[in-house]
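For reference, the structure discussed in these notes is given below.
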Amino acid sequence: MFSTKLVLFSLLVAAVACEELDFPPGFQFGAASAAYQVEGGWNASDKAENIWDRFVHDKPHFVADLANGDVACDSYHLWRRDIEMAAELGLHFYRFSIAWSRLLPNGFADKISEDGLNYYNNVIDGLLEKGIQPMVTLYHWDLPQSLQDLGGWTNPLIVDWFGDYARVVFSHFADRVKIWITINEPLSFCDGTYSYGTNAPGIYDPEVGTYLCNKNVLLAHAKAYRIYDKEFREMYQGELTLANHLMWYEPFTPEDEELTETARQYMVGRYSHAVYSKEGGWPPAVEQVVAELSKAKGYSESTLPAFTDEEIEFIRGTFDYYAVNHYTSQLTRTVDDGSPGLNVEYEIHPDWKPTQSSWFYVYPEGIRKQILWLRERYGDMKFIITENGYSSSIGLQDTERIEYYKEYLKQLLLGIKEDGLNITGYTAWTLMDNFEWTDGYNSRFGLYEVDFSSPERTRTPKASAEFYKNLIRHNSLSIYDEL
Ligand SMILES: *[C@@H]1O[C@H](CO)[C@@H](O)[C@H](O)[C@H]1NC(C)=O
Ligand SMILES: *[C@@H]1O[C@H](CO)[C@@H](O)[C@H](O)[C@H]1NC(C)=O
């Protein structure tokens with residue numbers, strides 16, 4: 001009798017302690033992928049060439065081991081297995097992207113591919129049959145080459161082209177898809193392409209190209225959002241936003257705080273301020289930095305293209321939540337050399353552990369600080385983590401990935417419970433190892449390992465898959481802590 005009571009009592013104490021590590025009831029867990037990284041079938045049926053197809057074929061030396069996504073995980077043929085894996089994990093939702101050139105081979109809405117429609121209908125229906133919600137990204141970096149040939153994201157007409165594409169997608173899929181991401185990580189493809197020349201289509205034009213892309217992307221996102229608002233929202237009640245890549249910047253010393261804030265505005269604000277801030281438009285600090293640089297370089301005006309008042313209104317408020325893609329952080333240090341522009345050096349804290357990807361060090365606190373910063377700048381809103389995950393080499397015993405997930409998820413729990421952040425969902429990047437852009441198949445982010453040497457592209461769960469499955473089943477991290 002007495003001992004039973006004692007056992008009950010200890011269980012109760014344990015339960016109270018655990019609650020700290022429980023996610024709020026109804027919290028949604030998912031995993032993500034992107035068309036070019038998993039689908040393969042690059043020339044299947046009437047699919048047209050996109051900028052990644054062209055890039056990996058014409059400039060193979062840009063990619064590690066001369067790898068490409070021609071076959072990748074072959075999800076174009078193996079989508080049933082992908083859905084089975086999502087079900088094995090018990091995911092509430094699966095995030096994937098639509099390949100524009102698979103659905104609209106001409107890039108324009110004049111021709112819709114039957115096979116493209118069938119493919120995405122199969123994926124969506126297959127997920128729903130298992131009770132898994134589809135979360136769909138319209139654009140994850142794979143622009144139809146035909147549109148690139150007309151200037152791609154630097155041509156302001158892309159705002160209408162993207163709008164037409166979005167309307168086709170919504171017309172066919174919005175009856176079943178309720179969570180949308182219009183454009184994934186514009187920073188990665190605008191800055192990645194034009195400021196660094198390392199992403200498809202590999203055009204280096206940092207002073208002008210980057211900012212044309214930046215402006216057009218914001219307008220294109222807003223166009224899709226307005227189309228949804230006007231033509232689909234009443235019927236389907238879905239939620240949309242764009243997803244931003246957020247690298248947290250931490251000042252090296254307190255004196256570095258001011259320039260660090262400018263660096264954050266340059267990285268995050270440049271793709272957020274127009275949409276989420278009350279006043280809209282470019283962040284003032286960014287306008288100033290680019291104007292200074294442009295002047296020093298001899299341009300007649302700033303190469304950051306101005307918004308008209310109408311454009312500011314058009315973009316402002318076009319969100320239903322904030323989509324957070326976060327992996328890592330950097331330290332920022334002021335370099336006082338008196339030159340125009342943003343005089344900051346980026347460093348890594350010696351305590352932050354490296355990963356398989358050169359840009360990626362582990363600093364769990366960064367994710368909470370980043371979201372707090374967003375709430376402070378743009379007000380209280382709903383946040384969904386749309387990407388977070390760990391980069392390793394090959395191997396099924398991925399304890400470091402489990403550790404990463406635990407630590408980052410704990411920071412999110414602190415954000416929810418101590419800071420009252422309204423975070424309602426979390427997306428692991430990624431369901432399975434896949435084509436990691438210019439890293440080829442060297443950096444592995446998957447919960448499932450993929451054997452890229454087998455024609456079947458065999459998928460095998462890693463230890464982290466088991467971890468994620470249990471986390472979802474219990475809606476809690478408590479099972480992993482010492483009690
Ligand atoms: C598709 O591309 C593969 C190479 O990835 C090639 O061997 C095949 O001939 C192509 N098929 C068509 C129909 O062009
Ligand atoms: C979170 O945001 C959603 C959408 O705006 C809202 O319905 C919900 O009440 C919010 N929850 C909290 C705890 O603020």
Side-chain angles (χ1 to χ4, degrees), residues 19 22-29 35-60 63 65-78 92-93 99 101-102 105 113-116 119 133 135 142 144-146 178-181 200 225 228-229 233 236-243 272 275-278 317-324 368 371-372 374-386 412-427 434-435 440-441 452-457 475:
E19 250 171 50
D22 290 350
F23 285 84
F27 192 86
Q28 300 284 297
F29 286 100
Y36 188 76
Q37 295 180 275
V38 301
E39 281 181 6
W42 79 277
N43 57 1
S45 180
D46 53 355
K47 177 182 166 293
E49 192 185 24
N50 65 43
I51 54 174
W52 272 90
D53 297 323
R54 177 69 64 92
F55 189 59
V56 298
H57 295 150
D58 278 15
K59 300 176 179 168
V63 182
D65 305 329
L66 309 179
N68 63 52
D70 287 358
V71 181
C73 305
D74 202 17
S75 288
Y76 184 66
H77 299 106
L78 301 174
H92 301 121
F93 65 92
S101 65
R102 194 182 295 292
S113 162
E114 276 304 311
D115 284 347
Y119 176 66
Q133 292 299 315
M135 175 195 247
D142 46 358
Q145 183 62 40
S146 57
K178 303 300 171 187
I179 316 183
W180 297 96
I181 290 167
Y225 188 93
Y228 189 88
D229 247 8
R233 186 180 292 280
Y236 299 134
Q237 305 288 322
E239 298 187 356
L240 293 80
T241 195
L242 74 168
S272 298
V275 176
Y276 301 96
S277 74
K278 298 213 166 30
T318 52
F319 67 93
D320 301 305
Y321 63 100
Y322 196 107
V324 173
R368 178 183 180 189
I371 302 172
L372 282 171
L374 291 168
R375 185 176 68 178
E376 231 174 87
R377 297 298 173 284
Y378 308 128
D380 203 5
M381 59 182 148
K382 180 165 114 176
F383 295 94
I384 299 178
I385 312 307
T386 39
L412 291 177
L413 276 174
L414 287 171
I416 293 169
K417 300 196 172 189
E418 299 200 347
D419 309 320
L421 285 171
N422 189 356
I423 304 168
T424 64
Y426 178 87
T427 317
N434 55 46
F435 178 76
Y441 296 98
F452 292 102
S453 64
S454 86
E456 294 79 29
R457 294 299 191 269
N475 197 39

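Counting from 1, the numbers follow the sequence of the chain as shown. Values below: all heavy atoms of this structure, side chains included; hydrogens, waters and symmetry mates excluded. For ligands, and for the atoms within them, numbers begin at 1 and follow the listed sequence.
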Nearest-0.5 Å distance that lies between atom CZ in Phe435 and atom OH in Tyr441: 6.0 Å

Main-chain N/O of Ala48 paired with Arg102 side-chain donor or acceptor, under 3.5 Å: no

All salt bridge (Lys or Arg N to Asp or Glu O under 4.0 Å) counterparts of Asp58, not counting sequence neighbours: none

Salt-bridge present (Arg233, Asp320; N to O < 4.0 Å): yes

Residue contacts for ligand 1, heavy atom to ligand atom, distance under 4.0 Å: Trp42, Asn43, Asp70

Sidechain-backbone polar pair: Arg377 side chain, Ser277 backbone, donor-acceptor under 3.5 Å: no

Residues Tyr276 and Thr241: side-chain donor-acceptor under 3.5 angstrom: yes

Where ligand 2 meets Asn422 - atom numbers and elements under 4.0 angstrom, heavy-atom basis: 1 (C), 2 (O), 3 (C), 8 (C), 10 (C), 11 (N), 12 (C), 14 (O)

